[in-house]
Amino acid sequence: MKQTFHITTFGCQMNEHDSETIAGMLSGLDYTPSASRNDADVIIINTCSVRENADHRFFGTLGQLKRIRKERPDLIVAVCGCMMQQQHVIDKLKSQYPWVDLIFGTHTIHRFPELLQNVRQERVKLVDVMEDSEEIVEGLPVRRNHPNKAYVNIMYGCNNFCTYCIVPYTRGRERSRDTEEILREVKELVKDGVKEITLLGQNVNSYRGTGRQGQRIEFADLITELDRIHGLSRIRFMTSHPKDLSDALILAYRNCPSLCPHIHLPVQSGSTSVLERMNRKYNREDYIALVERLRSVCPDIAITTDIIVGFPGETEEEFQDTLRLVEEIEFDSAFTFLYSIRKGTPAETFEDQVPEEIKHERFNRLVETVNRISAKKNATKVGCVEDVLVEGASKSNDRVYTGRTGGFKLVNFKGPEGSKGTVVSVRITDSNTFSLTGVVECDE
Ligand code: 5AD
Ligand code: SF4
């Protein structure tokens, strides 16, 4: 009987995509996915270290596995991802979870098949973590979670060292993938039926590639090249740092029809003094000016963001600057986070950590403001016709679909059978805070 695997993924799209690669490598070894951990032969947990609650969830999940691992000595438990790049985590695993079979880091994913075979054959415990790496391994197999949408890595790592963030320590220095490799991969994906790609990187705006004639390829040039690929309907990207958003990229929203009218542009705080302590290298006015430029080129652009509440030293006035910025910009939506102390980051040692109850109270006020504005923005779409990439059918009724607009808004709608994987025009009939409702316009 074929061996089976189960992967649990915490964290961002980069991690999701790494898990797709791990699944691709396992499929290459003739493993098949299992819907439940209980009957999998290999269990993999891909971890995130960005906030403390992801740490808790990881150790919680691991705790549940102890019993299963004891009952089934043949089971292999592997853990990987950002948390494995932290020595204190490896030390804790070795001392408190000695039954974990395999630990590998973000720079050694490509060695996973070999490591797994070693663990299986020799029943040894293995740890394979590299601190940083210049190397980009190409051509790893990927088992995609979606037939018509795909993630494409264009760069790895981050050089920005925002003072709260662990990523530069876990994902290493910035390195860009070769432009030709990216174009080749996307062309293959399109041949395979992919309509939408999301370019991934911690800071895609600092992408630096080289063209066929040896010329420098900036992020906007890459978008322009990708836009020329016949059959590719939609290009998205994640994530952008405001300090590196170029005018060329802003113009791409006008010149590249397949670039979706959406940008995720994390602001983190609306207060210039907090932004300075965060080492973000832009101020409140710079951010507002950027949004104005984006809207002058693409008036309908959806703008989403990340905001951290309760950064060390954040005063009520500074927090109010964030609330005012949210009102002023009118974000389509925002991910809101409670500041979480990360070991080894500069902000860990900052004085004036904000008390938990104040953080929570501010967080609730922020969420109320963000949601009120999301609902208002969504309501403006009622009566409009939107292009929607059809992603799935509802379980109860196969003519009720879900999909996303170019502006990344979730739509539930009625449409003809067999619409999945196509881009259809949907008339929006209703809206709420988190989604839109509609009907397909043209039934051909
Ligand atoms: N605490 C809270 N939120 C954080 N983020 C990154 N580090 C932290 C932290 N220490 C948030 C930022 C980033 C998003 C991916 O996670 O908003 O944009
Ligand atoms: Fe972290 Fe800042 Fe880099 Fe984003 S840009 S990954 S927040 S250090």
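Atoms within a ligand are numbered from 1 in the order they appear, just like the ligands themselves.
Although no hydrogens or angles enter the test, the distance criterion places a donor-acceptor pair under 3.5 Å between the side chain of Thr47 and the main chain of Met83. The backbone N or O of Ser258 sits less than 3.5 Å from a side-chain atom of Asp227, completing a donor-acceptor pair. Within the 3.5 Å criterion, the main-chain N or O of Pro346 finds no donor-acceptor partner in the side chain of Thr163. Distance alone, capped at 3.5 Å, places no donor-acceptor pair between the Asp332 side chain and the Thr304 backbone.
Atom 7 (S) of ligand 2 has Tyr164 OH, 3.3 Å as its closest protein atom, hydrogens excluded (heavy atom only). For atom 5 (S) of ligand 2, the closest non-hydrogen atom on the protein side is Asn160 ND2, 3.5 Å. The single protein non-hydrogen atom nearest to atom 1 (Fe) of ligand 2 is Cys165 SG, 2.2 Å, given as residue, atom name and distance. With hydrogens left out, the protein atom closest to atom 17 (O) of ligand 1 is Gln268 OE1, 2.6 Å, a heavy atom. The nearest heavy-atom contact from the protein to atom 7 (N) of ligand 1 is Tyr164 CD1, 3.3 Å. The protein non-hydrogen atom at the shortest distance from atom 3 (Fe) of ligand 2 is Cys158 SG, 2.2 Å.
Only the backbone of Leu338 comes within 4.0 Å of ligand 1, judged by heavy-atom distances. Only the backbone of Phe161 comes within contact range of ligand 2, with a heavy atom under 4.0 Å; no side-chain atom does. Residue contacts with ligand 2, taken as heavy atom pairs separated by less than 4.0 Å, involve Pro168 solely via side-chain atoms from C-beta onward. Looking at Phe337 against ligand 1, only its side chain comes within 4.0 Å, counting heavy atoms.
The shortest distance between side-chain heavy atoms of Ile103 and Val89 does not fall below 4.5 Å.
With ring centers used as reference points, Phe112 lies under 6.0 Å from Phe104. Not less than 6.0 angstrom separates the ring centroid of Tyr156 from the ring centroid of His107.
Taking all heavy atoms of Thr163, Ile308, Asp306, Thr239 into account, the minimum distance to atom 4 (C) of ligand 1 is reached by Ile308. When the heavy atoms of Thr170, Val167, Ile166 are ranked by distance to atom 6 (S) of ligand 2, first place goes to Val167.
Distance CG/Leu294 to CG/Leu251: 10.0 Å, rounded to 0.5 Å. Taking CE of Met14 as the reference point, atom CG of Asn153 lies at 5.5 Å (rounded to 0.5 Å).
For ligand 1, the polar-atom distance check finds an N/O of Arg51 within less than 3.5 Å of one of the ligand's N/O atoms. The N/O atoms of Ser340, backbone and side chain alike, include one that comes under 3.5 Å of an N/O atom in ligand 1.
Of all the atoms in ligand 1, the ones that sit under 4.0 Å from a non-hydrogen atom of Arg342 are 10 (N). Annotation for ligand 2: atoms under 4.0 Å from non-hydrogen atoms of Gln202 are 6 (S). Those atoms of ligand 1 that come under 4.0 Å of a heavy atom in Val50, given as number and element, are 5 (N), 6 (C), 7 (N), 8 (C), 9 (C), 10 (N), 16 (O).
The only option from Asn160, Asn205, Asn203 that meets the side-chain hydrogen bond (donor to acceptor under 3.5 Å, both in side chains) definition with Asp244 turns out to be Asn203.
Note that Arg277 lies outside the cation-pi zone of Phe311, set by a 6.0 Å cut-off to the ring centre and a 45° limit from the axis.
Assignment of Arg280 to the shell around ligand 2 is supported, since a heavy atom sits closer than 4.0 Å.
Because the distance cut-off is set at 2.8 Å, Cys162 qualifies as a neighbour of atom 2 (Fe) of ligand 2 through one of its N, O or S atoms.
A salt bridge is defined here as a Lys NZ or Arg NE, NH1 or NH2 lying under 4.0 Å from an Asp or Glu carboxylate O, and Arg365 with Glu361 meets this definition.
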